[in-house]
Every structure is written in structure tokens, then in C-alpha cells.
Amino acid sequence: MTTVTAMSRAVSMQRRLIASVTWQRHRYFSCVNSMAAATTTTTTTTTVPAYQVVAFQNINSCVNGSSIGHHSNRRRHMSRAGQVALMSTTATDTNTNSGTTKMEFQAETKQLLDIVTHSLYTDKEVFLRELVSNASDALEKLRHLRAVSSQQTNVDPDVPMEIRISTDDENNTITITDTGVGLTRKEMMDNLGTIARSGSKNFLKEQELAQEGMVDGLTSIIGKFGVGFYSAFMVGSKVEVRSKSAYEEVEGEKSTPLLWCSEGIGSYEISELSPEVTQVRGASIVIHLKEDMAEYADASRVESILKKYSNFVTFPIFLNGKRVNTMDAVWSIEPNKVTDEMHSEFYKYVSNAFDEPLYNLHFRVDAPLEMKALLYVPSFHTEKYGMERMEPGVSLYSRKVLVLSKSTDIVPDWMRFVKGVVDSEDLPLSISREKPQDTALIKKLRGALTRKFISHLTSMVKKSPDQYKNEFFPEFGHFLKEGIAQDYEFQDKLAKLLYFESSKTVAGEMTNLNEYISRCPAEQKDLYYLCAPNRELAMESPYLEAFKKSDREVIFVYSAIDDFVMTNLSKFEGRNLISAEKSNIDLGEDKGGDEEEDNGSGLSHVEAQELCEWLQTTLKDKVAKTRVTTRLSGSPAVITDHESGALRRMMRLVDTKAGPGLSQELPLQTLEVNPKHPIIVGLNTVKTSQPELAVILADQILDNCFVAAGIMDDSRSMLPRLNDILLCLVNDAKSKAPPNTVVEDNEDASKKQDQVEIEK
């Protein structure tokens, strides 16, 4: 006690010297209180924030008698290093007669314990994942020691290696028991009394040194941070650890069962376990649950947590005598040893589905880090039924323990239809093991998974083209197109997986862009596509007429996203992707039209130019330019270089500024007319003889062009004009009827017929 008194006096002197520094007062008193209780100290190293570094440096200054003036330089040095020596536990004999040794946490350890208990984990339910992982590590250590160590670890050799969990809703407790390596008194003090000291990590280091780096058999060890055990205090008001070491002797003495007990508020006790309590080899953690945590004494709730996080732990887990983890970690098995039945069962488990998988992809990679993956493509998806957007279907595991369920980080959003598991033993995790830590590495991992999946689909196109075109692509092609619009890194590879109908395929037959290129004539440098609602309308489109004349193939795209895909792609294999609705399309047409013009069919060059000028004046509010075209044969006119119909419809859906009945106005269009078409020839005549009718016809021709282009917002606007045209036709028919011809209605005709019969 003399040492303690001397240290206390030294601390008191330093207190008087620095009492005026208000920002340091709180940490200084913590120093005084902690050092007054200290008789022995054990140090370990960890990383803490800068303001914690300052506090610990102040403690060192108090003990060493350093002046305040030295604090500044030393504080900056410690902040940069970010490493401090944390006080561990201090032992004082409080009840030597009963053989009980009481330990007290230091002030810094109390603070860390409070952080772990209240701030480290997002969900309280993960305490069970952490404790089961610790139990698995204990069993793994025992298995390794029995195989390679000369130490005697034959305590209770007949006890099977397993994890048992029992719940007691009456006493509001949950007990997690393993039959692993157990804990000695020293290990209890070192590992349970020191936060952030990982017994598993230290065990690996010891074995690596002992075996000169050969620890491949210990890849199933999960723990690394040394904080998982303390998650028990999130749900428990008191935690007891009963342990019986697997070592027959410890430091020359026969090992005895021990009891570690703490309420998580600053101190713990270690004592010999009462003979009345049965404890086989290993450890049992008894958690006395808080009143508001009674749900974890319910067996069904505990079972759901075990199945969520720990269903693939190597060792059997029993809950109240019932085996819980009956599913094998199929992804960890060699791919050539996994049967179709195993794939079917595992797919239904990870996807919570009832169908059979269409494809499976099972592989291992070593870069950018060691990884095992098992991915499945379902036979259908639910978004097409109008249901909500699907969540990602791939979960992230580390050493068979769930880290992230349905992770958004490891596969791109367009792959959300894929189900499966990715497991990495080397994955850097946050201290709570709830998410990956290295963002750059996860991005590389994501890229590796995406490349592997696209490569698998490419191989399926070659191996099973019919299944791909008839089953996979109709169901999931939409997601590949979404990937082209979002994932620029893989655009070119995804484009090779797309299939379309074309003007040279029969209805229902699909072709891809590579096949399209193989059929192109040597002089064709561009690829053409036409957006239409269906094949029938595409084949009747005025924009296709020029391609029919020149015998050029055109890809048909039917959905709105296809237009975005083609626009985003822009090029494929060095060739431009061009819409058939563009004006500057050069198909190398012949000059046969000049002969027809010379033969007197259609308008002359001068007449055509005059008509264009008249149309430009008449439709000046809707048309920016009017010109003659030779691309048409069966249609009177088209508009070109207009905005995408699909894009316009999309903009109307998302336009929140337009009020009821309002929509974004169409920009001025480029109108191209066919001077050989009878309607255009007739319009040229009518504009002089019947100018009012000519204006109506010009408006209708333009609206017909809008409809053909798919940019007519509301076709009902044409109804008054169509009625006027019909009225003109009826009046014209009446004017041409023979004189004295009277059209009688049915009623008058019937009366006359009756009168004739009476007269007869």
C-alpha cells in the first residue's frame, strides 16, 4: 500500500498544478481515480480517436511528473501515431477466504465497454451471431490443438464438438454453450477482462509462430477484433461465463472449472465454479436478460436469428435440443461435387422461392481477394407483375457467417434479379462486422463478380442458344438493357447479349447485333434501328420504306428502354447505331425517280419547291423546315430529326410542372414531303382552287406524321379537323349527285310503300 500512497501523493501534486486548465479537468480526475486503485497494470495497443489520445497522454504526464508545457508536442505526436497504451485490469484481493478475486475495470475500459454496449452495433440481435461465432472459434481451436499440439487436451474426450443454446423464458435467460477449448483463469483475465483483445487472433499468431506460418487448417477462425463477447451486455443485465479448460494441467496444476461474472458496469469476478453446477469441457455463457429484452428468451425468435446469421457455421448448433443449422454451405464445396438436388435445395433457401433455378454459377477467385461465390438465375422475376422493385438478392458472408443480407455493394443494381452468396475469408470488415470496410476493394470485388456473371451468360449463348433466347432473355433482357444504360464499364459486353427482331427475320425470331453485322453488305458502315410499338406497325412505318427499296436490314425495338439503350450505346463494334428516323441517311439509292419525274408523274421540281414554301408558311407554328425527299414511296410525308417518342412519353410522366391538361409543347419539326404521292399532288392543286380545304389537309398531313413518329400527345385533337374533312367529302358527293335525285329516309319510303299496297 506504500506504493499506492506514494503514487496518490504524486498525482495530488500534479492536480494542483493543472487545475486551472479547464478542458483537462475531467480527464485528470479520471486519471486520479483510476491510478488510486491501481497496483499492477497490463498494457495492450489499440487505435482511438485523437481526443482519446490526449486523455491518455495526460495520464502518462501525471504519473511521470511531466510539466504542462510538454503536453503540446507530445499530444501532437500521439495524435499522429494514433496508438495508445490502454490500461487493462487490476487485481485486488477482496475476499481471500472464499477464494474469490475481484477485478475492477479501469476508467478507459469502462468507456470502451459503454461504447460497445450502446453504440457499436446497429441491431441488438447480432449479439447471438457474435457469441455463436466465438463458440465456433473455440471448437475450431480445440480441433486444431488435438491435431498438431503436444499439449494434453483430452479433457472429456467423449463429449461431441457442438454448440448448444437453451432459452428459459421463466427466468428470462439465454445460455450459449460450446464444447471447445475452454478458458483458464489467465485467459479469462486476458481475454474477457480486456476489451479489444482478440483471443482468436492471438491464438492464430501463436500457432503461426509455432508452425512457421503453416496455419491453413485454421481458416475457419472467425474472430479478430476482441469485442464480440461484450455484445452480450446489449441485452443482458448480468453475464456469467462458466468454463472448463480442455487442458488437463495449467502451469503444473490440474485445471478446475471457473466462473466469470460481471454486470458490465466496471468490474468482474472470477471464482471457482460450484461443484453443484455441471460444466463439461468448453464454456457456457449465461445471459440474464434485461426486462425489455425478453424476446431473446423466446425459442422461435432465437431460431430465426440463428438461421439468418449462423445457419452455415461448421459445427452443429442445437436450440433446446433441436438441430438448427441443417443446411450445408454449398458454396464452400468443390463445384464438381455439388449435385443438382443440392443446388435446387440451396437456391430455394437463399431466394425464399419455390421454382427451379434457370442457371447457376459456382466459382472461386483469388484476386482482388480470396472469394467463393454461388449465384443463381431464377426462372422468373416479380417486377413484371407490377410489384415493387426487387431488393438485391446476393448476401455477403465472411467465413460462413452473414455480414450483409441482400447487399447493395457487391453486385450492380441491374443484377438485382440474381440470387446467391459471396463469401470471403480475407474481407476487411468494420469492427461491428456489419459491413465491409475497404470501399475500393469492394468496388474491385463487385467488378470481378460482374465480369464473371457476364462471361457466364456469354458462354450460355454459345452452349444453349435456344434456352437463352427463349427462356432467359424474354424474362431478364430488361435488366441487361438497364445495365447498358447504367453500367458504362460493361456496355460493350452486355450489348453482345441483346436480342431483337429485325426486318429480315420472321415474326418471333430473334437476332443479335453480331449476327446483324454478318448479314450487312460490305459497303454498309452503320447499323440501323427503328422504334415502334410492335412488329406490324414497324413493318408499315414510312421510315422503313427507304430501307425496303435498298434491301437494308433494320433492327426493331419495341420498348421504351430500347430507345435509351441504343442512344447510350451509340456504337457497336466500331459502327454507329443510327435511328431510321434520322434525315441524313445515305443508303446509296438509285436514281430511278428522275425517270419517273421526266415521265410526268408527280410534281415538277419547281412545283415541289413552291408547295414546300406554301407548307412552310401555312404550318409556320409547327414546322421549322420543309423540303422534298426521295426516301418515301407509299407515304405522302414524314418528319425527321424529331425527339424520341419514348423519351417524350417518359418526360410527360415525370413532368411535375405541367398542370392538369397541360403538356410540354412540341418543338418545331422538319417536314419532308414525297412529291410523287397522289395526296401531295392533289394538295398542290387544292391550295389554289380551295385554299381553306388545303389548310385543313396540310394540318392533317402533319398530324399524320406526328402519329407515325410516335410523338402525338393526344390524337383526340384531330377529331374536329377529321369531321371537317368528312363534311367536305359528303358535300362534294352531294354536289356530284344527278339532278332531282332525292334521298329519302327509311320511314318515308316505308309509308309510300304502304300507300301503294292500299291503292292496289
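Bear in mind the structure is a predicted one, so any value in this text is a computation, not a measurement. One-based numbering along the sequence shown.
In summary, the aromatic rings of Phe312 and Phe346 are positioned with their centroids under 6.0 Å apart. Ring-centre distance between Tyr296 and Phe127: below the 6.0 Å cut-off.
In this structure, the side chain of Asp169 does not engage the main chain of Ala297 through any donor-acceptor pair within 3.5 Å. In this structure a side-chain-to-backbone donor-acceptor pair under 3.5 Å is missing from Arg281 to Ala246. With hydrogens and angles ignored, the 3.5 Å screen pairs no side-chain donor or acceptor of Asp168 with any backbone N or O of Thr173. With hydrogens and angles ignored, the 3.5 Å screen pairs no side-chain donor or acceptor of Ser136 with any backbone N or O of Val132. Formation of a donor-acceptor pair under 3.5 Å by the Asp423 side chain with backbone atoms of Lys400 is found in this model. With hydrogens and angles ignored, the 3.5 Å screen pairs no side-chain donor or acceptor of Thr179 with any backbone N or O of Val159. Under a 3.5 Å cut-off, the side chain of Ser243 and the backbone N or O of Leu183 do form a donor-acceptor pair.
We find that Arg364 and Glu370 are not joined by a salt bridge, their nearest charged nitrogen and carboxylate oxygen being 4.0 Å or further apart. Salt bridge Glu303/Arg301: absent, no basic N to carboxylate O contact under 4.0 Å. For the pair Glu187 and Arg185, the salt-bridge criterion is not met [side-chain N within less than 4.0 Å of a carboxylate O].
With Ser284 as the fixed residue, the side chain to side chain donor-acceptor pair (under 3.5 Å) test singles out one of Arg164, Gln279, Lys244: Gln279.
Inter-residue side-chain proximity for Ser332 and Lys372 is flagged as met; some heavy-atom pair is nearer than 4.5 Å.
How far CD1 of Ile174 is from CD1 of Ile287: 6.0 Å, rounded to the nearest 0.5 Å. Separation of atoms CG (Leu142) and CZ (Arg146) is listed at 4.0 Å; rounding is to 0.5 Å. Rounded to the nearest 0.5 Å, atoms NZ (Lys406) and CG (Leu396) are 15.0 Å apart. Expressed to the nearest 0.5 Å, how far OG of Ser395 lies from CD1 of Ile410 amounts to 7.5 Å. Taking OG from Ser262 and CD from Glu269, the interatomic distance works out to 9.0 Å, rounded to the nearest 0.5 Å. Between atom OG1 of residue Thr177 and atom CD1 of residue Ile285 there is a gap of 8.5 Å, rounded to the nearest 0.5 Å.
Ring planes of Phe233 and Phe229: perpendicular class, angle over 60° (limits at 30 and 60°).
The number of heavy-atom neighbours closer than 6.0 Å to CG of Asn352, taken from other residues, nucleotides and ligands shown, is 12 or below.
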